[in-house]
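Order of the sequence lines sets the chain letters (A, B, ...), proteins ahead of strands, with each chain counted from 1. Keep in mind the model is a prediction, meaning the values are calculated, not measured.
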Number of protein chains: 2
Amino acid sequence: MSERRPGEIPEATVARLAVYLRVLTGLVDASTVTVSSEELATIAGVNSAKLRKDLSYLGSIGTRGVGYDVTVLREKIASSLGLTQRRTCVLVGIGNLGHALAGYSGFSSRGFTFVGYFDADPARVGEPIVDSRIRDIAELELVVKSHGVSIGVIATPAEAAQTVCERLVDAGVTSILNFAPSVLTVPDNVDVRKVDLAAEMQILSFHEHRKSRGLGNGLVESVG
Amino acid sequence: MSERRPGEIPEATVARLAVYLRVLTGLVDASTVTVSSEELATIAGVNSAKLRKDLSYLGSIGTRGVGYDVTVLREKIASSLGLTQRRTCVLVGIGNLGHALAGYSGFSSRGFTFVGYFDADPARVGEPIVDSRIRDIAELELVVKSHGVSIGVIATPAEAAQTVCERLVDAGVTSILNFAPSVLTVPDNVDVRKVDLAAEMQILSFHEHRKSRGLGNGLVESVG
DNA sequence: AGCTGTGAAAAGATTCACAGCG
DNA sequence: CGCTGTGAATCTTTTCACAGCT
(Lines give C-alpha, C1' and ligand atoms only; values in the text may rest on other atoms or scores of the structure.)
Protein backbone atom coordinates (compact mmCIF):
# COMPACT_ATOMS: atom_id res chain seq x y z
CA MET A 1 0.00 0.00 0.00
CA SER A 2 1.01 3.57 -0.53
CA GLU A 3 1.35 6.58 1.70
CA ARG A 4 0.71 6.55 5.43
CA ARG A 5 -1.90 9.19 6.20
CA PRO A 6 -1.16 11.69 8.96
CA GLY A 7 -2.34 10.11 12.16
CA GLU A 8 -1.43 6.62 11.00
CA ILE A 9 1.15 6.04 13.67
CA PRO A 10 2.50 2.47 13.90
CA GLU A 11 1.71 0.53 17.07
CA ALA A 12 5.36 0.10 17.98
CA THR A 13 5.84 3.85 17.74
CA VAL A 14 2.81 4.63 19.92
CA ALA A 15 4.25 2.46 22.69
CA ARG A 16 7.52 4.38 22.57
CA LEU A 17 5.89 7.80 22.46
CA ALA A 18 4.69 7.22 26.01
CA VAL A 19 8.31 6.69 27.04
CA TYR A 20 9.55 9.78 25.22
CA LEU A 21 6.80 11.76 26.90
CA ARG A 22 8.00 10.76 30.34
CA VAL A 23 11.59 11.58 29.49
CA LEU A 24 10.58 14.97 28.11
CA THR A 25 8.62 15.77 31.23
CA GLY A 26 11.80 15.13 33.16
CA LEU A 27 13.71 17.46 30.86
CA VAL A 28 11.09 20.19 31.24
CA ASP A 29 11.41 19.85 35.01
CA ALA A 30 15.16 20.22 34.63
CA SER A 31 14.59 23.39 32.57
CA THR A 32 16.18 21.92 29.48
CA VAL A 33 15.20 23.92 26.41
CA THR A 34 16.33 21.85 23.43
CA VAL A 35 17.44 18.28 22.97
CA SER A 36 18.94 16.42 20.03
CA SER A 37 17.65 13.08 18.78
CA GLU A 38 20.90 11.55 19.98
CA GLU A 39 20.50 12.80 23.54
CA LEU A 40 16.82 12.03 23.81
CA ALA A 41 17.33 8.58 22.34
CA THR A 42 20.07 7.77 24.84
CA ILE A 43 17.91 8.76 27.79
CA ALA A 44 14.94 6.85 26.43
CA GLY A 45 17.02 3.76 25.76
CA VAL A 46 16.56 3.56 21.99
CA ASN A 47 18.79 4.46 19.04
CA SER A 48 18.53 7.84 17.42
CA ALA A 49 17.39 6.63 14.00
CA LYS A 50 14.41 4.94 15.57
CA LEU A 51 13.60 8.00 17.61
CA ARG A 52 13.70 10.29 14.59
CA LYS A 53 11.58 7.90 12.57
CA ASP A 54 9.06 7.75 15.43
CA LEU A 55 8.87 11.52 15.70
CA SER A 56 8.57 11.92 11.96
CA TYR A 57 5.08 10.40 12.15
CA LEU A 58 3.99 13.39 14.19
CA GLY A 59 5.14 15.80 11.49
CA SER A 60 8.23 17.91 11.20
CA ILE A 61 8.88 19.24 14.67
CA GLY A 62 12.62 19.59 15.02
CA THR A 63 15.02 22.25 13.81
CA ARG A 64 17.85 20.96 11.62
CA GLY A 65 21.22 21.68 13.06
CA VAL A 66 19.68 22.27 16.49
CA GLY A 67 17.33 19.58 17.72
CA TYR A 68 13.89 19.58 19.30
CA ASP A 69 12.29 22.20 21.51
CA VAL A 70 11.52 20.18 24.63
CA THR A 71 8.24 21.89 25.46
CA VAL A 72 6.93 21.87 21.92
CA LEU A 73 7.81 18.22 21.43
CA ARG A 74 6.20 17.20 24.69
CA GLU A 75 2.99 19.02 23.77
CA LYS A 76 2.96 17.43 20.37
CA ILE A 77 3.36 13.92 21.76
CA ALA A 78 0.76 14.50 24.46
CA SER A 79 -1.78 15.68 21.92
CA SER A 80 -1.01 12.80 19.56
CA LEU A 81 -1.69 10.37 22.38
CA GLY A 82 -4.97 12.12 23.11
CA LEU A 83 -3.79 13.24 26.53
CA THR A 84 -5.07 16.79 26.25
CA GLN A 85 -8.41 15.66 27.57
CA ARG A 86 -8.80 13.86 30.88
CA ARG A 87 -10.16 10.33 30.56
CA THR A 88 -12.46 8.73 33.06
CA CYS A 89 -11.69 5.21 34.20
CA VAL A 90 -13.02 2.53 36.51
CA LEU A 91 -11.11 -0.13 38.38
CA VAL A 92 -12.75 -3.51 38.98
CA GLY A 93 -11.37 -5.99 41.51
CA ILE A 94 -9.94 -4.46 44.64
CA GLY A 95 -7.64 -7.14 45.98
CA ASN A 96 -3.94 -6.68 46.63
CA LEU A 97 -3.20 -5.54 43.14
CA GLY A 98 -6.32 -3.40 42.88
CA HIS A 99 -5.30 -1.49 45.97
CA ALA A 100 -1.83 -0.97 44.59
CA LEU A 101 -3.23 0.32 41.31
CA ALA A 102 -5.68 2.62 43.07
CA GLY A 103 -2.81 4.07 45.04
CA TYR A 104 -0.60 4.64 42.02
CA SER A 105 -0.29 8.39 41.59
CA GLY A 106 1.03 8.09 38.05
CA PHE A 107 -2.47 7.66 36.65
CA SER A 108 -3.99 10.81 38.01
CA SER A 109 -0.95 12.95 37.24
CA ARG A 110 -1.14 11.80 33.63
CA GLY A 111 -4.75 12.72 33.04
CA PHE A 112 -6.64 9.59 34.07
CA THR A 113 -9.46 10.10 36.55
CA PHE A 114 -10.84 7.08 38.33
CA VAL A 115 -14.54 7.57 39.00
CA GLY A 116 -15.28 4.21 40.58
CA TYR A 117 -13.64 1.28 42.37
CA PHE A 118 -15.68 -1.93 42.31
CA ASP A 119 -15.58 -5.30 43.98
CA ALA A 120 -17.92 -8.27 44.10
CA ASP A 121 -17.10 -9.15 47.71
CA PRO A 122 -19.78 -7.64 50.01
CA ALA A 123 -17.24 -7.63 52.83
CA ARG A 124 -15.09 -5.15 50.93
CA VAL A 125 -17.88 -2.90 49.69
CA GLY A 126 -17.89 0.39 51.57
CA GLU A 127 -14.20 0.22 52.53
CA PRO A 128 -12.40 3.50 51.94
CA ILE A 129 -10.12 3.65 48.93
CA VAL A 130 -8.12 6.69 47.86
CA ASP A 131 -10.60 9.56 48.19
CA SER A 132 -13.61 7.32 47.74
CA ARG A 133 -15.18 4.02 48.80
CA ILE A 134 -15.33 0.58 47.24
CA ARG A 135 -18.66 0.12 45.48
CA ASP A 136 -20.70 -2.92 44.77
CA ILE A 137 -20.13 -4.29 41.29
CA ALA A 138 -23.89 -4.04 40.79
CA GLU A 139 -23.43 -0.29 40.34
CA LEU A 140 -20.88 -0.73 37.55
CA GLU A 141 -23.18 0.01 34.60
CA LEU A 142 -24.66 3.03 36.29
CA VAL A 143 -21.30 4.64 36.96
CA VAL A 144 -19.85 3.78 33.54
CA LYS A 145 -22.82 5.29 31.75
CA SER A 146 -23.23 8.38 33.87
CA HIS A 147 -19.54 9.34 33.65
CA GLY A 148 -19.00 8.22 30.08
CA VAL A 149 -16.11 6.05 31.21
CA SER A 150 -13.78 5.12 28.39
CA ILE A 151 -11.17 2.91 30.05
CA GLY A 152 -11.83 -0.05 32.33
CA VAL A 153 -9.07 -1.64 34.38
CA ILE A 154 -9.62 -5.26 35.40
CA ALA A 155 -7.76 -6.62 38.43
CA THR A 156 -10.11 -9.45 39.34
CA PRO A 157 -9.29 -13.15 39.58
CA ALA A 158 -9.04 -14.86 36.19
CA GLU A 159 -12.45 -16.52 36.48
CA ALA A 160 -14.28 -13.21 36.80
CA ALA A 161 -12.42 -11.29 34.12
CA GLN A 162 -14.43 -12.21 31.01
CA THR A 163 -17.76 -11.48 32.70
CA VAL A 164 -16.54 -8.15 34.03
CA CYS A 165 -15.17 -7.35 30.61
CA GLU A 166 -18.52 -8.02 28.96
CA ARG A 167 -20.32 -5.84 31.46
CA LEU A 168 -17.86 -3.02 30.86
CA VAL A 169 -18.20 -3.32 27.10
CA ASP A 170 -22.00 -3.51 27.23
CA ALA A 171 -22.02 -0.38 29.34
CA GLY A 172 -19.96 1.45 26.73
CA VAL A 173 -16.31 1.05 27.65
CA THR A 174 -14.09 0.76 24.57
CA SER A 175 -10.62 0.27 26.10
CA ILE A 176 -9.61 -2.29 28.66
CA LEU A 177 -6.43 -2.85 30.63
CA ASN A 178 -6.41 -6.41 31.90
CA PHE A 179 -4.28 -7.60 34.81
CA ALA A 180 -6.11 -10.89 35.20
CA PRO A 181 -4.27 -13.89 33.78
CA SER A 182 -6.88 -14.69 31.17
CA VAL A 183 -7.50 -13.97 27.50
CA LEU A 184 -10.41 -11.60 26.95
CA THR A 185 -12.75 -11.83 23.99
CA VAL A 186 -14.12 -8.47 22.87
CA PRO A 187 -15.82 -6.91 19.83
CA ASP A 188 -13.59 -5.40 17.14
CA ASN A 189 -14.14 -1.83 18.25
CA VAL A 190 -12.78 -2.50 21.74
CA ASP A 191 -9.06 -2.39 22.51
CA VAL A 192 -7.54 -4.64 25.13
CA ARG A 193 -4.07 -4.46 26.56
CA LYS A 194 -2.92 -7.01 29.04
CA VAL A 195 -0.31 -6.98 31.75
CA ASP A 196 0.63 -10.56 32.47
CA LEU A 197 2.97 -10.76 35.45
CA ALA A 198 3.61 -14.49 35.34
CA ALA A 199 4.24 -14.33 31.60
CA GLU A 200 6.86 -11.62 32.08
CA MET A 201 8.68 -13.80 34.59
CA GLN A 202 8.50 -16.78 32.25
CA ILE A 203 9.96 -14.79 29.38
CA LEU A 204 12.89 -13.87 31.64
CA SER A 205 13.14 -17.50 32.67
CA PHE A 206 13.51 -18.43 29.01
CA HIS A 207 16.43 -16.07 28.59
CA GLU A 208 18.05 -17.30 31.81
CA HIS A 209 17.69 -20.83 30.54
CA ARG A 210 19.28 -19.81 27.30
CA LYS A 211 22.20 -18.11 28.98
CA SER A 212 23.04 -21.06 31.18
CA ARG A 213 22.90 -23.65 28.41
CA GLY A 214 26.11 -23.75 26.43
CA LEU A 215 28.03 -21.68 28.95
CA GLY A 216 31.62 -22.37 28.15
CA ASN A 217 31.26 -25.18 25.62
CA GLY A 218 30.21 -23.15 22.62
CA LEU A 219 27.72 -25.86 21.77
CA VAL A 220 24.00 -25.72 22.03
CA GLU A 221 22.49 -29.15 22.28
CA SER A 222 18.89 -29.76 23.27
CA VAL A 223 16.19 -30.73 20.73
CA GLY A 224 13.53 -33.14 21.88
CA MET B 1 20.88 -15.10 7.24
CA SER B 2 20.68 -18.87 6.99
CA GLU B 3 19.02 -21.55 9.04
CA ARG B 4 17.54 -21.00 12.45
CA ARG B 5 19.30 -23.36 14.85
CA PRO B 6 17.15 -25.47 17.15
CA GLY B 7 16.47 -23.40 20.22
CA GLU B 8 16.45 -20.17 18.26
CA ILE B 9 12.90 -19.25 19.16
CA PRO B 10 11.79 -15.78 18.03
CA GLU B 11 11.04 -13.26 20.78
CA ALA B 12 7.45 -12.81 19.69
CA THR B 13 6.95 -16.54 19.94
CA VAL B 14 8.48 -16.79 23.42
CA ALA B 15 5.99 -14.22 24.71
CA ARG B 16 3.09 -16.25 23.37
CA LEU B 17 4.40 -19.57 24.66
CA ALA B 18 3.73 -18.32 28.17
CA VAL B 19 0.10 -17.76 27.21
CA TYR B 20 -0.25 -21.18 25.60
CA LEU B 21 1.24 -22.71 28.71
CA ARG B 22 -1.43 -21.17 30.90
CA VAL B 23 -4.21 -22.28 28.56
CA LEU B 24 -2.83 -25.80 28.46
CA THR B 25 -2.68 -25.96 32.24
CA GLY B 26 -6.38 -25.09 32.21
CA LEU B 27 -7.04 -27.88 29.73
CA VAL B 28 -5.09 -30.39 31.81
CA ASP B 29 -7.18 -29.40 34.81
CA ALA B 30 -10.29 -29.98 32.73
CA SER B 31 -8.95 -33.44 31.82
CA THR B 32 -8.76 -32.61 28.11
CA VAL B 33 -6.51 -35.09 26.33
CA THR B 34 -5.93 -33.64 22.88
CA VAL B 35 -6.48 -30.26 21.31
CA SER B 36 -6.27 -29.01 17.73
CA SER B 37 -4.36 -25.91 16.70
CA GLU B 38 -7.68 -24.30 15.87
CA GLU B 39 -9.15 -24.89 19.35
CA LEU B 40 -6.02 -23.94 21.23
CA ALA B 41 -5.57 -20.83 19.12
CA THR B 42 -9.13 -19.70 19.77
CA ILE B 43 -8.75 -20.07 23.53
CA ALA B 44 -5.38 -18.31 23.47
CA GLY B 45 -6.71 -15.47 21.34
CA VAL B 46 -4.44 -15.92 18.31
CA ASN B 47 -4.99 -17.43 14.86
CA SER B 48 -4.17 -21.04 14.19
CA ALA B 49 -1.45 -20.40 11.62
CA LYS B 50 0.49 -18.35 14.13
CA LEU B 51 0.03 -20.95 16.80
CA ARG B 52 1.27 -23.76 14.57
CA LYS B 53 4.25 -21.69 13.47
CA ASP B 54 5.05 -20.93 17.10
CA LEU B 55 4.88 -24.58 18.10
CA SER B 56 6.95 -25.62 15.11
CA TYR B 57 9.98 -23.96 16.71
CA LEU B 58 9.76 -26.50 19.54
CA GLY B 59 9.96 -29.39 17.09
CA SER B 60 7.29 -31.66 15.72
CA ILE B 61 4.96 -32.36 18.61
CA GLY B 62 1.50 -32.80 17.14
CA THR B 63 -0.13 -35.70 15.37
CA ARG B 64 -1.46 -34.95 11.91
CA GLY B 65 -5.15 -35.55 11.59
CA VAL B 66 -5.50 -35.44 15.39
CA GLY B 67 -3.92 -32.46 17.13
CA TYR B 68 -1.67 -32.05 20.14
CA ASP B 69 -1.49 -34.16 23.28
CA VAL B 70 -2.23 -31.58 25.95
CA THR B 71 0.13 -32.97 28.58
CA VAL B 72 3.00 -33.54 26.19
CA LEU B 73 2.67 -30.08 24.70
CA ARG B 74 2.52 -28.43 28.09
CA GLU B 75 5.68 -30.26 29.20
CA LYS B 76 7.45 -29.30 26.02
CA ILE B 77 6.62 -25.61 26.39
CA ALA B 78 7.54 -25.59 30.07
CA SER B 79 10.94 -27.10 29.35
CA SER B 80 11.56 -24.72 26.45
CA LEU B 81 10.90 -21.80 28.75
CA GLY B 82 13.32 -23.25 31.29
CA LEU B 83 10.56 -23.80 33.83
CA THR B 84 11.64 -27.27 34.83
CA GLN B 85 13.97 -25.77 37.40
CA ARG B 86 12.77 -23.40 40.09
CA ARG B 87 14.29 -19.93 39.87
CA THR B 88 15.16 -17.81 42.82
CA CYS B 89 14.12 -14.17 42.81
CA VAL B 90 14.27 -11.08 44.95
CA LEU B 91 11.83 -8.20 45.16
CA VAL B 92 13.12 -4.71 45.88
CA GLY B 93 10.80 -1.90 46.91
CA ILE B 94 7.95 -2.92 49.20
CA GLY B 95 5.40 -0.15 48.75
CA ASN B 96 1.84 -0.65 47.59
CA LEU B 97 2.85 -2.42 44.42
CA GLY B 98 5.61 -4.42 46.10
CA HIS B 99 3.12 -5.80 48.59
CA ALA B 100 0.73 -6.71 45.80
CA LEU B 101 3.51 -8.49 43.91
CA ALA B 102 4.67 -10.32 47.01
CA GLY B 103 1.12 -11.54 47.56
CA TYR B 104 0.65 -12.74 44.00
CA SER B 105 0.39 -16.51 44.14
CA GLY B 106 0.99 -16.89 40.42
CA PHE B 107 4.74 -16.57 40.86
CA SER B 108 5.26 -19.35 43.32
CA SER B 109 2.88 -21.72 41.56
CA ARG B 110 4.85 -21.23 38.37
CA GLY B 111 8.26 -22.07 39.77
CA PHE B 112 9.55 -18.74 41.03
CA THR B 113 10.78 -18.68 44.60
CA PHE B 114 11.27 -15.33 46.27
CA VAL B 115 14.14 -15.52 48.71
CA GLY B 116 14.19 -11.91 49.81
CA TYR B 117 12.03 -8.79 50.05
CA PHE B 118 13.98 -5.55 50.42
CA ASP B 119 13.24 -1.96 51.20
CA ALA B 120 15.37 1.09 51.93
CA ASP B 121 12.96 2.55 54.46
CA PRO B 122 14.10 1.60 58.00
CA ALA B 123 10.51 1.98 59.16
CA ARG B 124 9.44 -0.89 56.94
CA VAL B 125 12.36 -3.20 57.64
CA GLY B 126 11.29 -6.11 59.82
CA GLU B 127 7.62 -5.94 58.84
CA PRO B 128 6.17 -9.34 58.04
CA ILE B 129 5.63 -10.12 54.36
CA VAL B 130 4.25 -13.40 53.02
CA ASP B 131 6.13 -16.05 55.03
CA SER B 132 9.10 -13.78 55.71
CA ARG B 133 10.10 -10.29 56.79
CA ILE B 134 11.16 -7.17 54.93
CA ARG B 135 14.95 -6.89 54.95
CA ASP B 136 17.21 -3.93 54.79
CA ILE B 137 18.47 -3.20 51.30
CA ALA B 138 21.98 -3.39 52.73
CA GLU B 139 21.62 -7.17 52.78
CA LEU B 140 20.79 -7.34 49.08
CA GLU B 141 24.17 -8.49 47.81
CA LEU B 142 24.51 -11.10 50.53
CA VAL B 143 21.18 -12.72 49.73
CA VAL B 144 21.62 -12.54 45.96
CA LYS B 145 25.00 -14.21 46.13
CA SER B 146 24.17 -16.84 48.70
CA HIS B 147 21.04 -17.98 46.88
CA GLY B 148 22.35 -17.53 43.36
CA VAL B 149 19.37 -15.33 42.54
CA SER B 150 18.76 -15.04 38.83
CA ILE B 151 15.79 -12.67 38.60
CA GLY B 152 15.40 -9.32 40.35
CA VAL B 153 12.06 -7.52 40.48
CA ILE B 154 12.22 -3.76 40.98
CA ALA B 155 9.18 -1.97 42.41
CA THR B 156 10.92 1.08 43.85
CA PRO B 157 10.26 4.73 43.00
CA ALA B 158 11.79 5.80 39.68
CA GLU B 159 14.71 7.63 41.31
CA ALA B 160 15.99 4.51 43.04
CA ALA B 161 15.56 2.07 40.18
CA GLN B 162 18.87 2.51 38.36
CA THR B 163 20.92 2.24 41.55
CA VAL B 164 19.06 -0.85 42.68
CA CYS B 165 19.49 -2.30 39.21
CA GLU B 166 23.25 -1.80 39.31
CA ARG B 167 23.49 -3.41 42.72
CA LEU B 168 21.50 -6.40 41.50
CA VAL B 169 23.65 -6.76 38.39
CA ASP B 170 26.90 -6.39 40.33
CA ALA B 171 25.75 -9.09 42.70
CA GLY B 172 25.15 -11.44 39.79
CA VAL B 173 21.52 -11.04 38.72
CA THR B 174 21.10 -11.41 34.94
CA SER B 175 17.38 -10.80 34.49
CA ILE B 176 15.34 -7.87 35.72
CA LEU B 177 11.64 -7.12 35.76
CA ASN B 178 11.19 -3.39 36.23
CA PHE B 179 7.96 -1.81 37.46
CA ALA B 180 9.53 1.60 38.11
CA PRO B 181 8.75 4.21 35.46
CA SER B 182 12.34 4.65 34.36
CA VAL B 183 14.65 3.35 31.66
CA LEU B 184 17.33 1.03 33.02
CA THR B 185 20.81 0.83 31.58
CA VAL B 186 22.40 -2.61 31.88
CA PRO B 187 25.29 -4.62 30.41
CA ASP B 188 24.58 -6.69 27.29
CA ASN B 189 24.34 -9.98 29.12
CA VAL B 190 21.50 -8.76 31.32
CA ASP B 191 17.87 -8.89 30.19
CA VAL B 192 15.39 -6.27 31.29
CA ARG B 193 11.64 -6.35 30.86
CA LYS B 194 9.55 -3.46 31.96
CA VAL B 195 5.95 -3.11 33.01
CA ASP B 196 4.95 0.50 32.56
CA LEU B 197 1.47 1.10 33.94
CA ALA B 198 1.13 4.72 32.86
CA ALA B 199 2.39 3.87 29.38
CA GLU B 200 -0.24 1.16 29.00
CA MET B 201 -2.96 3.65 29.86
CA GLN B 202 -1.53 6.18 27.43
CA ILE B 203 -1.50 3.64 24.62
CA LEU B 204 -5.18 2.99 25.29
CA SER B 205 -5.73 6.73 25.39
CA PHE B 206 -4.24 6.97 21.92
CA HIS B 207 -6.70 4.45 20.57
CA GLU B 208 -9.61 6.15 22.31
CA HIS B 209 -8.51 9.41 20.76
CA ARG B 210 -8.36 7.72 17.40
CA LYS B 211 -11.83 6.24 17.73
CA SER B 212 -13.45 9.50 18.71
CA ARG B 213 -11.86 11.52 15.96
CA GLY B 214 -13.82 11.02 12.80
CA LEU B 215 -16.85 9.60 14.55
CA GLY B 216 -19.71 10.37 12.23
CA ASN B 217 -17.79 11.52 9.18
CA GLY B 218 -17.61 8.13 7.55
CA LEU B 219 -13.87 8.33 7.10
CA VAL B 220 -12.96 5.69 9.62
CA GLU B 221 -12.59 2.26 8.11
CA SER B 222 -12.69 -0.15 11.05
CA VAL B 223 -10.12 -0.44 13.76
CA GLY B 224 -7.20 -2.84 14.16
C1' DA C 1 -10.62 -37.02 5.35
C1' DG C 2 -8.45 -34.02 8.85
C1' DC C 3 -4.90 -31.55 10.83
C1' DT C 4 0.04 -30.56 11.35
C1' DG C 5 4.25 -28.53 9.78
C1' DT C 6 6.44 -25.37 6.71
C1' DG C 7 8.18 -23.02 2.58
C1' DA C 8 6.98 -18.72 0.34
C1' DA C 9 4.66 -14.26 0.19
C1' DA C 10 3.18 -10.19 2.57
C1' DA C 11 3.23 -6.93 6.12
C1' DG C 12 5.53 -4.53 9.65
C1' DA C 13 9.45 -2.66 12.21
C1' DT C 14 14.26 -1.31 12.41
C1' DT C 15 18.47 0.35 10.69
C1' DC C 16 21.23 2.58 7.24
C1' DA C 17 22.90 6.41 4.98
C1' DC C 18 22.49 10.71 3.19
C1' DA C 19 19.98 14.67 1.06
C1' DG C 20 18.70 18.95 2.51
C1' DC C 21 17.68 22.62 5.68
C1' DG C 22 18.98 26.01 9.30
C1' DC D 1 28.94 22.39 9.86
C1' DG D 2 25.34 19.70 12.56
C1' DC D 3 21.23 17.65 12.94
C1' DT D 4 16.66 16.46 11.22
C1' DG D 5 13.72 13.91 8.19
C1' DT D 6 13.25 10.12 5.10
C1' DG D 7 13.65 6.90 1.15
C1' DA D 8 15.78 2.44 0.57
C1' DA D 9 17.68 -1.80 2.48
C1' DT D 10 17.35 -5.18 5.96
C1' DC D 11 15.47 -7.86 9.43
C1' DT D 12 11.44 -9.67 11.93
C1' DT D 13 6.82 -11.25 12.30
C1' DT D 14 2.56 -12.64 10.40
C1' DT D 15 -0.25 -14.77 7.10
C1' DC D 16 -1.11 -17.81 3.26
C1' DA D 17 -1.66 -22.07 1.20
C1' DC D 18 -0.68 -26.63 0.62
C1' DA D 19 2.35 -30.85 0.83
C1' DG D 20 2.51 -34.72 3.57
C1' DC D 21 1.51 -37.66 7.50
C1' DT D 22 -1.95 -40.40 10.33
Side-chain angles (χ1 to χ4, degrees), chain A residues 1-20 24 32-70 72-73 76-77 80 203 223-224, chain B residues 1-20 24 27 32-70 72-73 76-77 80 203 206 221-224:
Chain A
M1 251 256 231
S2 58
E3 188 117 321
R4 198 187 279 274
R5 296 203 318 272
E8 297 254 22
I9 306 176
E11 261 317 292
T13 293
V14 172
R16 285 188 297 265
L17 288 177
V19 175
Y20 305 153
L24 287 163
T32 307
V33 176
T34 54
V35 69
S36 69
S37 63
E38 198 66 44
E39 293 165 333
L40 188 50
T42 302
I43 309 175
V46 301
N47 70 51
S48 64
K50 195 188 280 182
L51 180 129
R52 287 200 303 279
K53 182 66 103 182
D54 284 342
L55 297 185
S56 76
Y57 295 116
L58 310 184
S60 203
I61 312 168
T63 309
R64 288 164 202 243
V66 178
Y68 301 89
D69 180 294
V70 171
V72 169
L73 181 54
K76 186 71 189 175
I77 292 177
S80 301
I203 294 166
V223 177
Chain B
M1 264 285 289
S2 57
E3 188 116 321
R4 197 185 279 275
R5 295 202 322 269
E8 296 256 21
I9 306 176
E11 262 317 292
T13 293
V14 172
R16 285 187 298 264
L17 287 178
V19 175
Y20 305 154
L24 287 164
L27 292 176
T32 308
V33 176
T34 53
V35 68
S36 70
S37 64
E38 197 67 45
E39 292 165 335
L40 187 51
T42 302
I43 308 176
V46 301
N47 70 51
S48 64
K50 195 188 277 181
L51 180 130
R52 286 200 302 280
K53 183 65 107 180
D54 284 342
L55 297 186
S56 77
Y57 296 115
L58 309 185
S60 205
I61 311 169
T63 308
R64 288 166 204 239
V66 178
Y68 300 89
D69 180 295
V70 171
V72 169
L73 181 54
K76 187 70 189 178
I77 293 177
S80 302
I203 294 165
F206 171 80
E221 65 252 27
S222 106
V223 186

With respect to the phosphate group of dG5(D), does any side-chain polar atom (N or O) of Tyr68(A) fall under 4.0 Å of OP1 or OP2? yes

Nearest heavy-atom contact between Tyr68(A) and Gly62(A) is CD2-CA, 3.5 Å

(Q) At less than 3.5 Å, do the side-chain atoms of Arg64(B) and the base atoms of dT22(D) form a donor-acceptor pair? (A) no

Are Ser60(B) and dG5(C) close enough that a side-chain N or O sits under 4.0 Å from OP1 or OP2? yes

Rounded to whole Å, CD of Glu39(A) lies from P of dT4(D) at a distance of 9 Å

Under 4.5 Å between any side-chain heavy atoms of Tyr20(A) and Leu73(A), yes or no?
no

Requested in this report: With heavy atoms under 4.0 Å as the rule, sort Leu55(B) into base, sugar-phosphate or nothing.
Outcome: nothing

Shortest non-hydrogen pair, Val35(B) vs Leu40(B), comes out as CG2-N, 3.8 Å

Taking every heavy atom of Glu11(A) against every heavy atom of Ile203(B), the minimum-distance pair comes out as OE1-CG2, 4.3 Å

Here the pair of heavy atoms bringing Ser56(B) nearest to Lys53(B) is OG-O, 2.6 Å

When rounded to whole Å, the CD to P distance for the pair Glu8(B) and dT13(D) reads 12 Å

Note to self: At less than 4.0 Å, is any side-chain N or O atom of Asn47(B) found next to OP1 or OP2 of dT14(D)? Yes or no.
What the structure shows: no

Here the distance between atom C1' of dG5(D) and atom CG of Leu40(A), to the nearest Å, is 15 Å

Is a donor-acceptor contact shorter than 3.5 angstrom present between the side chain of Arg52(B) and the base of dG5(C)? yes

Overall bend of the helix from dA1(C)-dT22(D) to dG22(C)-dC1(D) (five pairs an end, 10° steps) is 0°

Here the distance between atom P of dT14(C) and atom CD of Glu11(B), to the nearest Å, is 13 Å

Between CZ of Arg16(A) and C1' of dA13(C) the distance, given in whole Å, is 8 Å

Shortest non-hydrogen pair, Lys76(B) vs Ile61(B), comes out as CG-CD1, 3.5 Å

Between Ala12(A) and Glu38(B), whichever has its closest DNA chain C nucleotide further toward 5' is Glu38(B)

Whole-Å distance, Leu51(A) CG to dT14(C) P, equals 12 Å

Rounded to whole Å, the CG-P distance (Asp54(B) to dT4(C)) equals 14 Å

- Distance test, side-chain N/O of Ser37(A) to OP1/OP2 of dT4(D), below 4.0 Å: yes

Among the nucleotides dT15(C), dT13(D), dT4(D), whichever has the atom closest to the side chain of Lys53(A) is dT15(C)

Of all heavy-atom pairs linking Leu17(B) and Ile77(B), the shortest is O-CG2, 3.7 Å

To the nearest angstrom, the CD1-P distance between Ile61(B) and dG5(C) comes to 7 Å

